[in-house]
Each structure stands twice: as structure tokens, then as C-alpha cells.
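Just so we're clear, the structure is a prediction, and the values are computed from it rather than from any experiment. Numbered from 1 within each chain, the chains take letters A, B, ... in sequence-line order. Atoms considered below: every heavy atom in the structure, side chains included; atoms not considered: hydrogens, waters and symmetry mates.
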Amino acid sequence: MHFEYQIEGGNFTRAGFASSEIKKMMKQLNVDLGIIKRTVVATYEAEVNVVAHAYSGTIYVDFDEEKVVIKLVDEGPGIDDINQAMTEGYSTASSTVREMGFGAGMGLPNMKKNADDLQITSEVGKGTTVIITMFFAKSEQ
Amino acid sequence: MDGKYFHHALKFRKEVCIGCSHCMNVCPTQAIRIREGKAELMDNYCVDCGKCYRACPVGAIIVEQDDFSQIFRYQQRVALIPSVLMGQFPEEVSLTQISSVLMELGFTHIYEVEHGVEVLRDQIVSYMENHKDNKPLMSAFCPAIVRLIQVRFPTLTENLVHLKPPLEIAASFYKQMLIDQGNEEDEIGIFYITPCAAKIAAVKSPVGQDDSPITGVINMDFIFNKVYTTVKKGFIGKNTCQIPDMAPLKSTGVTWSATNGEAANIPGRTLAIDEISNVIEFLEQLENEEKQDIDFLELRACDESCAGGILTSSNRFYTVERMRNRAAFAKSEEQKGNYRYTSPGSVVQYTDFLRDNARVGSIQPRSMDKLDEDIAQAMKKMKKVHEIMDVLPYVDCGLCGSPKCSSLAEDIVQGQAQMNQCIFVQKRMEQQGTLKSDDSMQIMKQIWGAEKFQDNNNQNV
Ligand SMILES: Nc1ncnc2c1ncn2[C@@H]1O[C@H](COP(=O)(O)OP(=O)(O)O)[C@@H](O)[C@H]1O
Ligand SMILES: [Mg+2]
């Protein structure tokens, strides 16, 4: 099953909409609660990153019986050094974003921690693509 | 405890219900449907918040109550009264008067529920120390909220503070004290005067406990009417009864059940949120977030917390004002050293006993969102829900007998409703010639009852 959601850069009020929709569907599918939790946290952070750092984006969500694949494609500045961006506490967020309670530099590390699989590709000046994959069977991690 | 049956204190009287759907439209958990002109409750979705009770224009929803005369089955008849009871009355009505009337009604002991909150607060603090990974911890004070979390926010059940509410603590303490004074356990009846339906449900089927030390529940409006009528008749009663065990309640206890009553007394970053829709909105967001620097959440189903309970009689804002005034008075007395709590019959002497009995067992998630236990089946059903949603108008008019288009879609997928219950679908089908006008009338009658579609010549509309 396939779904798409649009993300508007700079609009924090709507951030979390896609995460909430995905959460609701995973509850409907009776997925293990711990897995739902991890999915929602990872997706929410990814959504917020598009809002905070990019101009606009689209989330593509694909469910099958084993997994959900959440792909966030944005148009934005891109990330120059992904490894650096992945380090805890690293952030280029503006002070206004920080005042809103975002920009602690923990988004990407938390996504890494919570996602079963995380792929990030980016082209500076064009945009970033983040792919989060979550499996429904309880893994022994 | 994934048991199918949840005790509900709210009862729908079919013979009184006019099928107006007001209750269905206000239900925050979408637990009500209209069938054959009557409201029906879907038991497993209801959290006993009581919104429907307030919305019903004809009194078709009632709060079940134990027969008052049952108190006389016991030799020791304890009335457990919450601080909001006192808050129901204008300031000139004294606690002594209220107690006198309760004694006249047949109680032998009167005890204010919130005497144990200091003991509870210390318990909460040490619970928080031991459960730092489950931040933010959420109060289990309000039973409607506990159930809401179980059914709607199952991922948050482990954030609930697994400790008994003040009511249970006061009841266990008082019972134990009476036993220690030489009474037989089966001679003791403990009756709680409740401001809401959720507490009744919690007493009748406690979550995470085998059973409750509370024998029965009496609705607060019943007691309010008794007391107020008596006082209005000129009853002074100030000195007519020797109230046993009535050490004055401390200020913390007086306002514990008001909004911010708990949160203000818990260390760290705390928030107090009242009214169930506010709580739902907040928890919805909370579920998305990873790191939490909130330590404790006080969550209450009613606006203005227990002062806004559905069985209260006084305006909730006045009630809160009176509770705050009383707390301020208590505070100044405490500071003057006028209140002593070490006397026999003080809950403080039972601190150890209460500590050993404070925990509740596990509070299980009971997610009501799942479409099927089996993921492949659930996936099929979810697909179908989305297909149906593409056809439905997204108007949430409720004419199909379900509160929202999405609830109708789920009802259809679960075999509980038909696509053509939707008025928009009916109109389309009529236009296409696939549904006769008579048939669509028949469908509407099945939902709303035949009466609503009868010509009534006597009415000049
Ligand atoms: N979608 C994105 N587009 C551009 N830059 C991004 C994007 N996501 C993350 N970044 C960069 O990576 C850094 C770290 O991201 P993150 O760990 O989420 O921390 P934060 O968002 O709090 O700054 C960000 O400050 C930003 O420079
Ligand atoms: Mg981020």
C-alpha cells in the first residue's frame, strides 16, 4: 500500500502529520508497540529535518506485510558531510529553530538508533533523500 | 488482562433514548453508534469519561449506582469523601454540617480521601527515581485517563505511574485501621462518594489489581441533594455530631484533585493537562517524540479536573475557588502549627503499610485500533478502509450512524455497517438508478428509527 504526504519547509505546525498517519496505520496493523514507537520517532525526526533544513519535500510510504519503507525526498541545501551530520550534537540549525525546541543535533543519531535500516543520500545544492525501513517481525536486536 | 469485558458505569437507557446522536458526536473515543434510532455503546472503546452523559438532552444516559441501603449490611459504615464534595457547597456550609448529614443518613465514620496524598507523593517521587527510562511518567490518578492510554495510546502504558490513586490508599488505610481496632473485615463497608463515572468503573473493575478495598460507590449528586436540602431547611448541625477521625486535611490534600494539584507537588519539570480532548491532542504529539525532558504529567479527563466531574452539582469554577480558599486557610493553620497529624487514626502511622501496598500490577495495553490480530488480514482490511475512504465524503455528518467517515469505513470492514448507509452514497446510487427511493428510506429508518420519518400533521412545521 502506497501513500504520499507533502512537507512544507519552515512550517513546524504541520510537522508530525505523516508520522501520526503512519503510527495510526501501524496500530491498525497490530504491529508490535515497540516497533511502532521506533518508527514514529525516526519518521518524526526525518520530517522535522525537512521542515527545519530544506525548502520542501515529499514522503513516500510503502507498506507490505513484512515492513514499511518511508522515503523522504526533499529539495534543499543538501548535506555536505553526512558522517559529520550523523554525530551527536552536530547541528547547523538557526537560533530561531533552536528557540522552537528543535535543533539539538540529535535527530540523525536518533534516526540511526531507531530505524532497522537507514539510507541517506544527498547532493549539495539540490536535496536529500532519507530512506527508513522498519520490519514488523520482532528482531532480536 | 486483555479481557473483552470492561465494566462501565454509564448505562444507556434504550426506552428513554431519542436517537439524537448528540452523545455520538461528543464521544472522544468514537465509542457510540446509532442503530434503529437508539445510541449503542461499543464497550471496549469507552473510557467512562462521561462526555456523553453531559450531552444527552433527555437523561437517557445514567450513572449506575449502588443501592444506598446496602450500607446497612455493615456495622462499620465508612463514607470516603473527596475534597470536591466540600467544594460543592457555599462557604457557610461547614464540613461538620456535611458530616452530620452523612451520619444521619447512616454512616458511622467519615474520612476525607486525600489524607494519604503525602504518603503517595513520596511514593511517586521514588517511583520516578526508579523509572527514569520511562519519562515522562504519567499519573494514574484519573481512571478515565488510564483507560484512554490503554485503548488509544498503548505505546504509553509503561509511562503510567503504577501506583494506587489516593482513593484506594485512603480505603486500604481506613479498612486496616478498623481491623486493627478489633473489627472483623466483613463488618466493614467502605463507600466512596464519587464525582464521576470513571471512578465507579475503576472500583468495579480495577486495572492492574485483583479487587478494590472499596465496598460500594455513591454518586455525589445524591449526597449533595441530601445535604443541601437539610441545610436549607435550617439545619445548623454544627455541633450535633462528634465526627470521628476528622483531622483537618492539609492544603496539599485539599487541592490534590484540582488541576495542577499533583503536578505542583512533584519535583522536576511537570505539566498539568485537563479535559480529555486536550489530553488526546497532547499524547498524540508525545508519542512522536524521542527524548523527553518532561518528568511528570498530570492528566485529567474533566475540565477543571474532579471539580468538573459529571456527578458534581456546583459550577466547577466556584468549586475550584472554594477548594483553593480552603487550602489557603489550611496552609496558614499548618504554618501556625495548629494541625497535628500524629494522633491515633492518622494515616501517617500507616506509612509503612501503605508503602507495601501502593503498587498496582501491570497495566496492559488494550489497543482498539487494530483491525485484525493477523497482520495479513489487517493489511487487507486496511486497504479496504482506504478504498472506502476514497468514496466517502469526509464530511463526518454522522447520518450513517457512525461518528466519522473513518469510523464508518472501519465499521464496514468489520462487517458492522454497509456502504449505503452513507447519505452521499445513497444519493449517488439513486441518481444512477441503483437504489430506489423506498430502499434508501428503509436504510435511513434502520439507522434512525421509523418514527423520525413519519409525517406528523399535528405539528405546524
Ligand atoms: N534534510 C536535510 N537537509 C539539509 N540538511 C540536513 C537535513 N537533515 C539534516 N541536515 C543537517 O544535519 C544536521 C544534523 O541533523 P540532526 O541530527 O537532525 O540535528 P538538528 O536537526 O537538530 O540540527 C543538521 O543541523 C543539518 O545541517
Ligand atoms: Mg533534526
Using a strict 4.0 Å threshold on nitrogen-to-oxygen distance, state whether B/Glu287 and A/Lys24 make a salt bridge. no
Is the number of heavy atoms from other residues, nucleotides or ligands under 6.0 Å of B/Glu40 CD greater than 12? yes
What's the separation between atom CD in B/Gln285 and atom OH in A/Tyr44, rounded to the nearest 0.5 Å? 5.5 Å
Under the salt bridge (Lys or Arg N to Asp or Glu O under 4.0 Å) criterion, do A/Lys37 and B/Glu158 qualify, and how do the steps go? CA-CA 12 Å; A/Lys37 235 181 197 168; B/Glu158 55 192 36; 3.2 Å; yes
Taking everything shown except B/Gln414 itself, do over 12 heavy atoms lie less than 6.0 Å from its CD? yes
Please say whether more than 12 non-hydrogen atoms of neighbouring residues, nucleotides or ligands are located less than 6.0 Å from CZ in A/Phe12. yes
Are the side chain of A/Lys27 and the backbone N or O of B/Phe153 linked by a donor-acceptor pair below 3.5 Å? no
Give a yes or no on whether B/Arg428 atom CZ has more than 12 heavy-atom contacts from other residues, nucleotides or ligands under 6.0 Å away. yes
Write down the atom of B/Asn288, the atom of A/Ser20, and the distance for their closest heavy-atom approach. ND2-OG, 3.5 Å
Bottom line for A/Lys23: the part with an atom under 4.5 Å from chain B's heavy atoms is side chain
Contact origin within B/Glu410 toward chain A - heavy atom pairs under 4.5 Å: side chain
Checking A/Phe3 against chain B: side chain, backbone, both or neither under 4.5 Å from a heavy atom? side chain
Roughly how far, to the nearest 0.5 Å, is the CG atom of B/Asp369 from the CG atom of A/Asn30? 10.0 Å
Got a sec: does the CG of A/Asp32 have more than 12 other heavy atoms crowding it under 6.0 Å? yes
Going by heavy atoms in the side chains, are B/Met379 and A/Met25 under 4.5 Å from each other? no
Measure A/Val31 against the heavy atoms of chain B and call it side chain, backbone, both or neither at under 4.5 Å. side chain
B/Gln377, CD atom: more than 12 neighbouring heavy atoms under 6.0 Å: yes
Between A/Leu29 and B/Ile375 the two heavy atoms that sit nearest each other are O-CG1, 3.8 Å
Between A/Gln28 and B/Ala378, which heavy-atom pair has the shortest distance, and what is it? O-CB, 3.7 Å
